[in-house]
Each structure stands twice: as C-alpha cells, then as structure tokens.
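First comes the structure, then the notes that go with it.
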Amino acid sequence: MGCSASLFGTAGKEKAREYKETAKDVLDQDGDGQLTMQDVAIVAGKAKEQVQAVVALATGAQEPPAQEETAAEPADVDVMIDATEDGGSPHQTPGKKRSTRRKAKSKAKRRTASQAVPEAAPQQMSFDDTFIKRFAPNGQTWRDYCGAVPPAQNQEGQLIGVWGECLNSAVIFEVTDGSYPATREVIEFAEQCGYGEFLHLLQEAEGWMREEIEAAQEDTHAFMRHVTPYGITWAHYCEKVEPKLDANGYVNGTWGQCITAAVIFEHQNPNWSQLPAYQADGPAGQVIMFLEQCGHEPFSEALLTTERATHDAIEQNGKLPVFKEVYQPVIELEPAPEVAEDEHAGPEMTGVKKAFVVGCNYPGQPAALRGCVNDTHSWKDTLMKHYGFEEKNILVMHDELEDKRLWPTLKNMKNGLRWLAEGANPGDVLFFSFSGHGTQIDSDDGNEADGKDEALCPTNFREEGLLLDNEIFDLVVTPLVSGVKLTIILDCCHSGTAVDLSFIWEMDNDSWEEVGGTRYVAGDVQMFSGCQDDQCSMDVAGVFGRPQGAMTMAMTKVVENDNSLPYPELLTRLHEALEEGGYDQKPRLTSSQKFGAGSKSFSLCEGAIPNLNEHLGFTGPPRVHDTRTAAAELDAFLWE
C-alpha cells in the first residue's frame with residue numbers, strides 16, 4: 001500500500017499565517033494594527049454588556065438590544081462546544097491551529113436548521129472552566145463520560161477505558177498548556193465518584209502516559225492510535241469499513257465519527273501543535289491521510305468538507321455535521337488463533353466477577369413501564385446472594401436514581417458495556433441484563449435478511465436513538481478472549497436473537513441451529529431472551545404486587561430454587577413458569593459456542609467453554625428473523 005505525500009508544506013504555513021492575521025483583525029478593536037491591553041479591555045467590556053443584557057432579558061427588566069449579526073442557531077443541536085479562549089472571540093484565534101488542507105478560502109456550507117435533530121440542551125463552556133467540563137470525543141463532558149463507570153485495567157494492570165482516555169487527554173493538556181493541574185483534577189474527580197480504590201491505578205497511569213507523550217516523536221498515525229468508543233483504535237476500526245456519505249455530502253459512519261473526534265480533540269487541546277506526534281499533518285489531517293492510504297482517495301474531498309464544517313460548527317456554537325452516529329459493523333473472517341478440542345478444557349473460574357445491570361422505566365414518557373427498575377434490584381440481589389458477586393463490581397443504571405449521571409442513556413449504556421468487557425481475562429465471569437423496551441428498526445448495513453435490526457431503547461431513546469444488536473455484539477462480545485464467560489439476560493420485546501450470537505437452541509429437536517449472518521467469537525457467551533423476535537415481553541405485578549418483568553421474575557425464581565439445571569431444562573422451566581402466569585412470551589437461548597447443552601448444567605460462574613470456533617468474525621448471508629405481528633403496535637406506541 002502506497003503512502004501519500006505530506007498534507008502540509010509551504011502552503012500550510014502560509015495558511016496558518018493567514019488565520020493569525022484574520023484573528024488579529026477581529027480582535028483589533030481600535031484599528032491601529034496592534035493588539036494591546038486596550039483592545040482586550042474593549043472586548044471584555046462588550047462581553048460584559050452582552051451578559052448583562054441576557055440577565056436583564058431573563059428577569060424581564062428590558063428588551064434585548066438589536067443585533068446586526070446573524071443570531072446563533074436554535075438549541076436543537078446534538079453537541080454545542082464553545083471553542084473560545086478566555087472569554088474572547090469565537091473566531092479562530094492565533095493559539096488554535098487547524099490541521100485542515102484548505103484548497104479554497106470559502107468555507108463549506110453548513111447544515112440548515114431544517115435538518116432537525118432531537119432537541120437537547122446546548123452544552124456551553126469556556127476555557128476558564130475545569131478540565132472535566134471539557135469535551136470527550138463523543139461530545140459528552142469528561143464528567144459525564146467517565147462519572148457513570150468505574151476505571152478499568154488491562155491484563156498488564158494498566159488503566160484503560162473511558163478513564164484512560166480522560167487521563168491521557170488531561171496529560172496532553174498539561175504538557176501543552178502547563179498552567180492547569182488537569183491530571184490532579186481527574187484523579188480527585190475519580191475519588192469524588194467513589195472510585196478511591198482505583199486512585200493508585202490513575203496515579204501510575206499518569207506517570208507512564210506523561211513519559212510516552214513527552215518522548216513521542218513525529219508520527220503520521222498518532223491520532224489514528226486513539227481509542228474509539230468500541231475499545232479499539234481508530235486505525236483498526238476505519239481500515240475495515242468503507243466511507244459512507246449522507247444526503248448532504250458529508251462523510252458519516254465510522255470515518256465521519258473519526259474526523260469529528262479529531263476536530264474536537266484539536267479544539268479541546270488548543271496547543272496540540274506543540275507535540276511532535278501530531279505535527280505531521282495534525283490530528284484531522286492524519287485522518288484524511290489515513291483515508292487515502294486505505295485506498296479511499298475519492299472520498300478525500302468529502303472528508304475534508306466534513307472537517308471544515310465541523311471546525312465551523314464548533315467555532316460558531318453550531319450543529320455538528322455528523323450529529324448522529326451511523327454504526328458500521330466490521331465484516332471480516334479470520335482463522336482463530338486457538339481452537340479447543342475439548343469443550344470441558346476451559347480455565348478455572350477464579351477471576352473477577354463483574355455485572356452491568358440496567359433498567360428503564362421511562363418516567364414521564366407515553367411508553368412508561370413500572371417494573372424494570374425493580375428488575376435491577378432483583379438481579380443485584382441474586383448475583384450477590386447466590387453467585388458471590390461483590391457489590392463494588394456490580395454497575396447498576398436505572399432512570400429513577402437521584403444522580404441522573406447514572407441514568408441509562410445511550411452513551412452511558414455504551415460506556416457501561418465497554419467497562420464490562422474491557423480487560424477481561426480467562427477465568428473471569430461477566431453478566432449483563434437489560435429490562436425495558438426493545439424494538440426493531442430498518443437495517444442499513446445489509447446483514448439482516450428481513451431488513452430489520454433488533455435494538456434496545458435507552459431511557460433517552462427519543463433524543464439519542466437506539467442501541468443496535470450489532471453494537472452490543474461489538475461492545476461486549478467481540479472483545480472477549482477464550483475462557484471468559486458472559487451471560488446476557490434481555491427482558492424486552494423483540495429480543496429472541498437480539499445479540500446475533502452464532503447458535504440458536506431449537507427446543508423441538510434439542511439441537512443447535514447455526515444461522516446465516518453468523519458472528520463467530522472466542523468468548524463463551526449465552527443469552528436468554530424474554531421472548532421471540534416477533535413477541536413482546538410483559539411488565540407484570542410480581543411478588544406481593546411488586547411490578548417486575550415477567551422474564552426476570554421467572555428466571556430469578558428458577559435459578560434461586562435450582563441453579564444446576566441443564567440448559568434445555570432451564571429453558572423449559574422458564575416456558576412453564578410464564579405459561580402458568582398466563583403469559584404467551586417464549587424465552588430463547590442463543591450461544592457463541594456450540595456446546596453439549598443437554599449434558600451441561602446452567603451456571604453463571606462455572607464451566608466456561610473454551611473457543612470451539614475455527615474462524616472468528618462475521619460471515620455468511622444475512623440471518624432471517626421472525627416476522628412481527630402485533631408487536632408493531634407497540635413500536636408505534638413507543639414513538640408517539
């Protein structure tokens with residue numbers, strides 16, 4: 001594969017000088033061609049007058065003064081980032097170097113307000129705010145990005161995950177700025193969140209991160225080594241997918257998210273150009289160069305246009321061109337590095353036990369439920385009393401918690417799934433449960449024969465969207481190595497094959513069915529669904545009239561009474577328990593490994609099956625899901 005030439009040279013330097021002169025013209029208030037303290041005083045005075053006018057308007061004291069310039073866009077934005085320094089002009093400042101290869105002085109046309117996105121409160125910040133109020137690559141503040149999940153570590157005991165990203169960004173900010181103790185603030189915030197036992201992990205990570213950053217030399221792929229929300233590097237993710245364009249000509253999907261993250265990184269670390277690793281083309285420029293190295297040069301201009309529009313949106317507090325994530329699953333098939341000959345040759349299960357338990361009641365929404373939060377309490381009690389899980393290793397998210405930072409939003413659920421799988425070693429035990437609404441939506445990636453993706457509904461699904469089955473798979477199933485055991489319980493509608501595991505247990509002939517669209521992985525994963533793909537899971541009055549999900553009530557009851565049942569018999573007991581309660585839903589069992597289910601007793605914690613799949617990855621024609629019937633009526637109700 002050939003390498004493209006450097007994105008910068010004499011033209012880039014001339015453009016940097018042009019930006020500097022533009023900023024100088026904007027800030028030169030008295031027109032004398034010099035930037036003086038008097039100019040600063042004038043700018044500060046104007047800012048003060050504007051603040052006073054806003055306060056007066058809010059209190060009804062007076063009408064706002066007429067504005068000659070175009071008003072800011074309304075608050076129907078996905079991400080709002082104030083890129084100004086020290087309360088100054090929102091225009092490009094001398095200290096903020098773009099990595100753009102601009103071929104013309106005119107800026108790309110921005111998206112119009114008619115291209116609506118779900119309403120969200122604009123997030124405003126200035127460079128005087130604390131570090132954790134700065135923005136992570138997905139548009140959340142670091143406070144929200146990290147606060148909902150504990151720190152994680154890899155097999156070498158090094159900090160990884162969202163806290164690793166946050167601390168690394170803080171180190172970069174300190175190295176390039178030098179005036180604010182960002183890393184100390186991150187560590188103190190971790191302690192405030194109740195993660196005191198991980199402080200040594202963060203402190204050690206600060207040391208080796210700083211050494212690596214200060215020692216880094218020029219690297220044309222430096223930004224592409226940053227980690228994606230799916231726990232892999234941008235380089236690994238992007239090189240495996242084709243660029244996609246939206247109706248407006250912007251690059252979305254994986255490459256669009258990557259260029260957006262690069263631009264946000266530049267604005268949140270305004271002195272990034274001081275680091276040798278990023279001086280080769282700059283973060284966003286490195287993304288464009290990598291795109292061309294991957295053979296996608298025809299998309300270079302579209303990606304450059306997307307970068308320009310993203311810079312403009314951030315500088316003007318506007319709407320990001322890639323304001324809605326379009327997920328692209330990685331489609332590839334590779335030989336497994338290790339295949340076990342004996343399904344009983346798994347490791348001793350003496351590792352960590354971690355659980356992520358989620359419940360969405362959707363309070364105040366037309367589709368509100370009653371029992372899903374109670375399901376989280378039931379599963380937490382069952383895990384601790386019957387399976388030896390420690391409370392500190394059980395992450396609970398539901399939408400009745402006083403701390404809304406821990407509500408199961410789409411972004412929080414993704415981060416929670418990352419936390420669950422990151423750093424898992426052979427012998428570890430993982431558990432994930434979701435109680436809430438499930439649905440099916442049109443699939444645009446071609447891997448579903450019926451054209452539908454199964455999806456979970458986070459508590460804010462109306463604003464942020466849905467968690468797709470493909471995303472769940474790549475977040476919490478794909479990363480697992482052989483010998484890690486994961487059990488998934490989905491007590492929601494359309495959940496029969498909602499994680500797209502390789503094998504489905506057919507009760508009629510007591511055997512595994514391998515279906516099209518198969519995804520092979522090394523980890524040992526079993527998923528129990530609340531119903532078939534074309535059915536609904538019920539929210540019912542449980543013990544003593546306490547609302548619960550019917551599947552959760554039945555399964556916790558069965559496993560607490562007898563947790564040594566063979567898998568097929570456990571499934572039969574679940575069917576019987578639901579039938580006795582008058583419920584039509586039929587739970588399903590799917591698995592990542594084709595093991596002897598009839599002779600293996602169910603357990604959340606024992607007997608991990610080593611990898612039996614000869615290949616890992618995605619292959620085959622699209623899988624066929626059951627056709628929905630009355631379930632479509634529920635979907636219509638969800639979106640009222």
Side-chain angles (χ1 to χ4, degrees), residues 152-158 160-161 227 230-233 236-237 240 329-356 387 389 393 417-432 469-489 499-505 512 514-515 517-528 567 589-620:
Q153 56 186 319
N154 61 18
Q155 297 181 12
E156 290 73 37
Q158 293 183 324
I160 57 174
V227 177
Y230 299 97
I232 58 178
T233 65
H236 181 72
Y237 193 11
K240 299 178 183 297
V330 175
I331 300 176
E332 64 176 350
L333 190 65
E334 299 177 347
E338 185 177 354
V339 181
E341 297 181 358
D342 181 4
E343 69 177 59
H344 302 291
E348 293 186 20
M349 307 307 291
T350 57
V352 176
K353 297 178 181 179
K354 294 172 64 177
F356 181 37
Y387 292 99
F389 281 68
N393 291 328
L417 289 171
R418 277 187 64 185
W419 166 82
L420 183 63
E422 282 177 328
N425 299 315
D428 286 353
V429 174
L430 311 178
F431 178 86
F432 168 54
D469 49 5
N470 297 327
E471 293 181 279
I472 300 170
F473 191 96
D474 280 347
L475 284 165
V476 77
V477 178
T478 299
L480 303 183
V481 298
S482 179
V484 177
K485 185 176 182 63
L486 167 64
T487 302
I488 300 175
I489 311 293
V499 185
D500 282 351
L501 296 177
S502 312
F503 307 100
I504 301 174
W505 183 258
W512 292 108
E514 185 173 358
V515 294
T518 296
R519 297 169 180 269
Y520 298 104
V521 294
D524 177 24
V525 186
Q526 283 81 48
M527 191 271 283
F528 287 88
Y567 278 85
L589 168 64
T590 57
S591 176
S592 65
Q593 305 292 337
K594 190 175 182 180
F595 64 97
S599 60
K600 182 175 176 59
S601 297
F602 167 79
S603 175
L604 292 181
C605 301
E606 299 298 332
I609 303 161
N611 177 50
L612 306 174
N613 298 313
E614 294 184 356
H615 292 82
L616 304 180
F618 173 80
T619 185

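If you're wondering where the values come from, they're calculated on a predicted model, not measured in any experiment. One is the number of the first residue; the rest follow in order along the sequence.
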Which heavy-atom pair separates Phe473 from Val499 by the least distance, and what is that distance?
-> CD1-O, 3.1 Å
Determine yes or no for a side-chain-to-main-chain donor-acceptor pair under 3.5 angstrom, with Lys354 supplying the side chain and Trp419 the backbone.
-> yes
Compare all side-chain heavy atoms of Lys485 with those of Met349 and state whether any distance is below 4.5 angstrom.
-> yes
Going through the checks in order, is the side-chain contact (heavy atoms from CB on, under 4.5 Å) test met by Arg519 and Asn470?
-> CA-CA 10 Å; Arg519 297 169 180 269; Asn470 297 327; 2.8 Å; yes
Side-chain heavy-atom pair Glu422, Val227 within 4.5 angstrom cut-off = no
For Ser591 and Trp512, the nearest pair of non-hydrogen atoms, with its separation, is CB-CH2, 3.5 Å
For the atom pair CZ (Phe431) and OH (Tyr387), what is the distance rounded to the nearest 0.5 Å?
-> 9.0 Å
Any side-chain heavy atom of Ile472 sitting closer than 4.5 Å to one from Val477?
-> no
Between NZ of Lys594 and CZ of Phe503, what distance do you get to the nearest 0.5 Å?
-> 6.0 Å
Distance-minimising heavy-atom pair for Gln593 and Gly523 = NE2-O, 3.0 Å
Nearest non-hydrogen partners of Asp428 and Gly423, listed with the distance | OD2-O, 4.2 Å
Distance col, row Leu616:CG vs Tyr520:OH, nearest 0.5 angstrom, shows 10.5 Å
Rounded to the nearest 0.5 Å, how far apart are CD of Glu338 and CD of Glu614?
-> 13.5 Å
Student check: side-chain heavy atoms of Leu475 and Arg418 closer than 4.5 Å = yes
With a cut-off of 6.0 Å (strictly less than), are more than 12 heavy atoms of other residues, nucleotides or ligands near CD of Glu156?
-> yes
For the side chain to side chain contact (heavy atoms under 4.5 Å, CB included) test, which of Leu430, Asn425, Val429, Val525 pairs with Val484?
-> Leu430
Distance-minimising heavy-atom pair for Val521 and Asn613 = O-ND2, 2.9 Å
Heavy-atom side-chain proximity of Lys353 to Cys605 below 4.5 angstrom | yes
Out of curiosity, Ile488 CD1 to Leu417 CG, how far, rounded to the nearest 0.5 Å?
-> 8.5 Å
Does a side-chain heavy-atom distance below 4.5 Å link Lys600 with Ile609?
-> yes
Is Glu343 close to Leu612 at the side-chain level, that is, under 4.5 Å between some pair of heavy atoms?
-> yes
Would you please indicate if the ring centroids of Tyr567 and Phe595 are separated by under 6.0 Å?
-> yes
Working to the nearest 0.5 Å, report the span between CG of Leu486 and CG of Leu420.
-> 6.5 Å
Nearest heavy-atom approach of Ala336 to Asn611 is CB-ND2, 3.6 Å
